[in-house]
*Asks:* 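Have a look at this one before I ask anything.
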Amino acid sequence: MSAQATDPAPELLIRPMTMDDLAAVVRNETRSYAFPWTPGQLADSIAGRDLCSVVQEEGAVVGHGIVSYGAGEAHLLNVCITRDRQGRGYGRVLLESLVEDLRVRDVRTIFLEVRPSNQAAIRLYESAGFVEVGVRPNYYPAATGHEDARVMAMELLD
Ligand SMILES: CC(C)(COP(=O)(O)OP(=O)(O)OC[C@H]1O[C@@H](n2cnc3c(N)ncnc32)[C@H](O)[C@@H]1OP(=O)(O)O)[C@@H](O)C(=O)NCCC(=O)NCCS
């Protein structure tokens, strides 16, 4: 009996986001968040000086990341993998790519906020080396009222 064939891993590419990606990014954002960024907010980030990347799988945009940075500090604003591609390691690949892009821009510290209820994201950030440095009370809108934010940070060492 012949060995069972296994599907090859799909080709994954992390590349800069452009305006041509906006429709796909809006679609993934809307599918993945209860409170998604608006198309205008996403377009402003692409047109501005944020670091914006997409995850492309076999030609299709399946995730995106957005970071603001300056004066040696960065703020991770958005990390999103579209719902049906989550749990395959794509979020980790995207985060590692963003961190490397920030390293070459002389960023020393990266900050982020995350909902305490978002266990997938917290696990991703903790395993990447982020640690909790504070809490912002009632930071996020929630289904009923507001939810605190955990503030996390990671130092980029040489
Ligand atoms: C958070 C998110 C970016 C993670 O991306 P992903 O591609 O699904 O995650 P990965 O497959 O790379 O896994 C990364 C880590 O998260 C963990 N993880 C992924 N999904 C998880 C889940 N549903 N529950 C618990 N942990 C989970 C993995 O186990 C892995 O940790 P490990 O290697 O220590 O086991 C993705 O779930 C997402 O886009 N969610 C919606 C948008 C969002 O909440 N973004 C974060 C805002 S702060």
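Whatever order the structure lists ligands and atoms in, that order sets their numbers, starting from 1.
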*Asks:* Does G91, backbone or side chain, put an N or O under 3.5 Å from an N or O of ligand 1?
*Replies:*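 It does: an N or O of G91 is found under 3.5 Å from an N or O of ligand 1.
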
*Asks:* Would R108 and E155 satisfy salt bridge (charged side-chain N to carboxylate O under 4.0 Å, His left out), going step by step from the backbone distance to the final call?
*Replies:* CA-CA 6 Å; R108 308 290 298 177; E155 300 291 333; over 6 Å; no

*Asks:* Looking at atom 28 (C) of ligand 1, tell me if a protein heavy atom falls under 4.0 Å from it.
*Replies:* no

*Asks:* Using heavy atoms and a threshold below 4.0 Å, how should the contact between Y140 and ligand 1 be classified: side chain, backbone, both, or neither?
*Replies:* neither

*Asks:* Taking only Lys NZ, Arg NE, NH1 and NH2, and the carboxylate oxygens of Asp or Glu, determine whether R123 and E126 approach each other closer than 4.0 Å.
*Replies:* no

*Asks:* Could you tell me whether D21 and R15 have a side-chain N and a carboxylate O separated by less than 4.0 Å?
*Replies:*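 Yes.
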
*Asks:* Counting only heavy atoms, which portion of R88 has something under 4.0 Å from ligand 1: side chain, backbone, both, or neither?
*Replies:* backbone

*Asks:* Find all atoms of ligand 1 within a distance of less than 4.0 Å from any non-hydrogen atom belonging to C80, and give their numbers and elements.
*Replies:* 39 (O)

*Asks:* Look at E113 together with R150 and state whether they make a salt bridge at an N to O cut-off of under 4.0 Å.
*Replies:*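 Result for this pair is no, no salt bridge flagged.
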
*Asks:* Is atom 43 (C) of ligand 1 near the protein, in the sense that some protein heavy atom lies at less than 4.0 Å from it?
*Replies:*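 There is a protein heavy atom less than 4.0 Å from atom 43 (C) of ligand 1.
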
*Asks:* Heavy-atom contacts with Y125 under 4.0 Å: which atoms of ligand 1 show up? List them by number with element.
*Replies:*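 Counting atoms of ligand 1 from 1, those under 4.0 Å from Y125 are 46 (C), 47 (C), 48 (S).
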
*Asks:* Report the part of N118 in contact with ligand 1, treating N, CA, C, O as backbone and CB onward as side chain, heavy atoms under 4.0 Å; options are side chain, backbone, both, neither.
*Replies:*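 Side chain only.
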
*Asks:* Any N or O on R85 sitting closer than 3.5 Å to an N or O of ligand 1?
*Replies:* no

*Asks:* Hey, is CD on E58 packed in by over 12 heavy atoms from elsewhere, all under 6.0 Å?
*Replies:*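 Atom CD in E58 is packed in, count exceeds 12.
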
*Asks:* Could you check atom 34 (O) of ligand 1 against the protein and tell me its nearest heavy-atom contact, residue, atom and distance included?
*Replies:* R123 NE, 3.3 Å

*Asks:* What's the verdict on side-chain contact (heavy atoms from CB on, under 4.5 Å) for V67 and L102, showing C-alpha distance, side-chain angles and the deciding distance?
*Replies:* CA-CA 9 Å; V67 189; L102 292 170; 3.8 Å; yes

*Asks:* Heavy-atom distance to atom 18 (N) of ligand 1: which of A121, A120, G65 wins?
*Replies:* A120

*Asks:* Looking only at non-hydrogen atoms, find the nearest pair between A153 and T109 and report the distance.
*Replies:* CB-CG2, 4.5 Å

*Asks:* Would you say R92 and ligand 1 have an N/O pair spaced under 3.5 Å apart?
*Replies:* yes

